[in-house]
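What follows is a set of notes on a single structure, which appears directly below.
Predicted, not measured: the structure shown is a model, and the values here were computed from it. Below, read A as the first sequence line, B as the second, and so on, with proteins coming before strands; counting in each chain starts at 1.
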2 protein chains.
Amino acid sequence: MTKSTVVSPQAVRDAARDLFASQGYRGTSMKDIAQVLDVSAPSLYNHVPSKQDLLHTIMDVAMDRALAALEVALAGVNDVADQLRRATEVTVLDFLENPAEVTVCNTEIRSLEEPYRQAIIDKRDAYGRRILAVVEHGCATGRFDVAEPRVASFAILEMGNNAKAWFDPRGHYTAQDVAALYGSFALRIVGHRAG
Amino acid sequence: MTKSTVVSPQAVRDAARDLFASQGYRGTSMKDIAQVLDVSAPSLYNHVPSKQDLLHTIMDVAMDRALAALEVALAGVNDVADQLRRATEVTVLDFLENPAEVTVCNTEIRSLEEPYRQAIIDKRDAYGRRILAVVEHGCATGRFDVAEPRVASFAILEMGNNAKAWFDPRGHYTAQDVAALYGSFALRIVGHRAG
DNA sequence: CCTACCGATCGGTAGG
DNA sequence: CCTACCGATCGGTAGG
């Protein structure tokens with residue numbers, strides 16, 4: 001036997017996540033997902049309500065996980081430079097460790113129907129505001145020196161987005177190594193001054 | 001009359017570009033494109049050979065334009081810091097001035113059939129190598145100080161990718177202003193030392 | 001969990 | 001440039 005996995009809502013979402021990431025939401029049929037799990041397409045509806053619900057759930061779980069990881073990374077950290085470094089590291093780590101979810105979140109917002117679409121956009125914006133707040137705090141306290149904190153925070157959030165495309169988990173560098181590198185880039189972008 | 005545009009291959013590509021950017025390639029039908037131009041879907045085949053050709057041509061023209069603009073921006077510039085600043089500025093300017101093409105290039109490579117897909121990837125990689133060469137030259141001559149030139153060049157190329165999402169051409173800053181800001185970020189990332 | 005099937009939509013062609 | 005139409009595929013349901 002090649003497939004002995006018990007079909008479950010999570011198994012369907014995992015298969016859908018990988019296919020949505022590689023072929024897109026519109027380019028993936030319920031039959032494609034079913035074939036991965038070795039069942040017929042109609043059988044999927046015993047586990048999930050619809051294709052649209054699959055997409056929304058994948059993205060919503062991914063956003064909640066990212067937001068929670070960001071809060072954990074910032075909890076109890078007082079130095080604003082450490083805050084920015086950790087926020088950047090945890091962001092890049094999320095990109096590297098969950099490449100399929102991140103790709104789906106990046107490319108399939110347009111495939112979400114309302115009100116799901118707006119709900120995901122709100123969570124994505126909340127993530128961005130959290131980064132911006134750190135950058136602004138660093139500027140207000142004179143630890144950072146950058147002309148446009150808002151633009152700087154966008155650049156920091158975005159610069160690691162494609163790292164998952166070239167990162168090799170079995171290569172010379174670990175995901176944490178790469179994340180640390182981006183953390184140092186973030187501090188340079190905001191013009192961090194020590195002490 | 002609401003539409004008096006003469007239908008031409010370029011008009012079809014322009015309509016397709018905007019629809020592919022907002023709805024995706026698979027989410028856009030030939031009928032959708034035809035409706036923008038106020039003709040029937042079969043009529044489009046008098047101007048373009050296929051939907052797939054539309055996608056490939058849009059992306060290929062966009063990549064050639066970006067590569068040419070990069071060469072023009074670097075022509076005759078000797079100082080490596082100026083080279084990196086200009087390369088970053090022209091990259092971000094391309095993102096801001098051609099948001100639909102850039103979105104299509106970013107999200108629809110997976111919708112391209114071979115050999116078109118590989119040809120576009122090759123052009124995208126050539127662009128990245130050009131940026132990397134500048135960063136490496138700056139490191140080799142001691143003008144830049146960054147541990148991983150390759151990762152730095154990826155970060156620089158990527159950081160402005162989403163600027164088109166929040167940039168408002170009628171706002172306080174011009175596209176050139178925003179591009180200049182990213183140019184300064186690039187020099188900070190590579191640890192540029194003056195003189 | 002399956003087969004059989006529904007109405008809708010797709011890219012593209014025929015023929016004029 | 002049009003209408004009429006082709007075969008294929010889609011998400012989802014019926015019924016068991």
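The separation between B:Gln23 atom CD and C:dT9 atom P is 14 Å, rounded to whole Å. Distance CD (B:Gln35) to C1' (D:dC1): 16 Å, rounded to an integer number of Å. Rounded to whole angstrom, the span from the CD atom of A:Gln52 across to the P atom of D:dG12 amounts to 9 Å. In this structure, A:Tyr45 atom OH and D:dG12 atom C1' are separated by 5 Å, rounded to whole Å. The distance between atom CG of B:Asp53 and atom P of C:dG11, rounded to the nearest whole Å, is 15 Å. One interatomic measurement links the two molecules: CE of B:Met30 to P of C:dG12, which rounds to 6 Å at whole-angstrom precision. Put simply, CG on B:Leu44 is 9 Å from P on D:dC1, counting in whole angstrom units. In this structure, CZ of A:Arg26 is placed 10 Å from P of C:dG11, rounded to the nearest angstrom.
Although no hydrogens or angles enter the test, the distance criterion places a donor-acceptor pair under 3.5 Å between the side chain of B:Gln83 and the main chain of B:Val77.
A salt bridge links A:Arg110 with B:Glu108: the distance from a Lys NZ or Arg NE/NH1/NH2 to an Asp or Glu carboxylate oxygen falls below 4.0 Å.
Across all strands shown, C:dT9 is found opposite D:dA8 as a Watson-Crick or G-U wobble partner, with both distances under 3.5 Å. Searching all strands for a Watson-Crick or G-U wobble partner of D:dG16 with both distances below 3.5 Å returns C:dC1.
The A:Val39 side chain lies nearest to C:dC2 when the options are D:dG12, C:dG11, C:dC2. The side chain of B:Lys51 approaches C:dG12 more closely than any other nucleotide in the set D:dC1, C:dC1, C:dG12.
B:Thr91 and B:Tyr127 are linked by a side-chain donor-acceptor pair at a separation below 3.5 angstrom, with hydrogens and angles left out of the test. Side-chain contact of B:Gln52 with B:Tyr116: a donor-acceptor pair under 3.5 Å is absent, judged by distance alone.
Among the heavy atoms of the strands lying under 4.0 Å from B:Ser29 are primed sugar atoms or P, OP1, OP2 only; no base atom is included.
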Salt bridge (charged side-chain N to carboxylate O under 4.0 Å, His left out) evaluation trace for B:Glu114 with B:Arg117: CA-CA 5 Å; B:Glu114 299 297 358; B:Arg117 182 179 151 278; 2.5 Å; yes
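Residue order along DNA chain D, read from the 5' end via each residue's closest nucleotide, puts A:Asp32 first among A:Pro42 and A:Asp32. Both B:Gly27 and A:His47 lie near DNA chain C, and the one whose nearest nucleotide falls closer to the 5' end is A:His47.
Contact annotation: B:Ser43 reaches the phosphate of D:dC2 (side-chain N/O to OP1 or OP2, under 4.0 Å).
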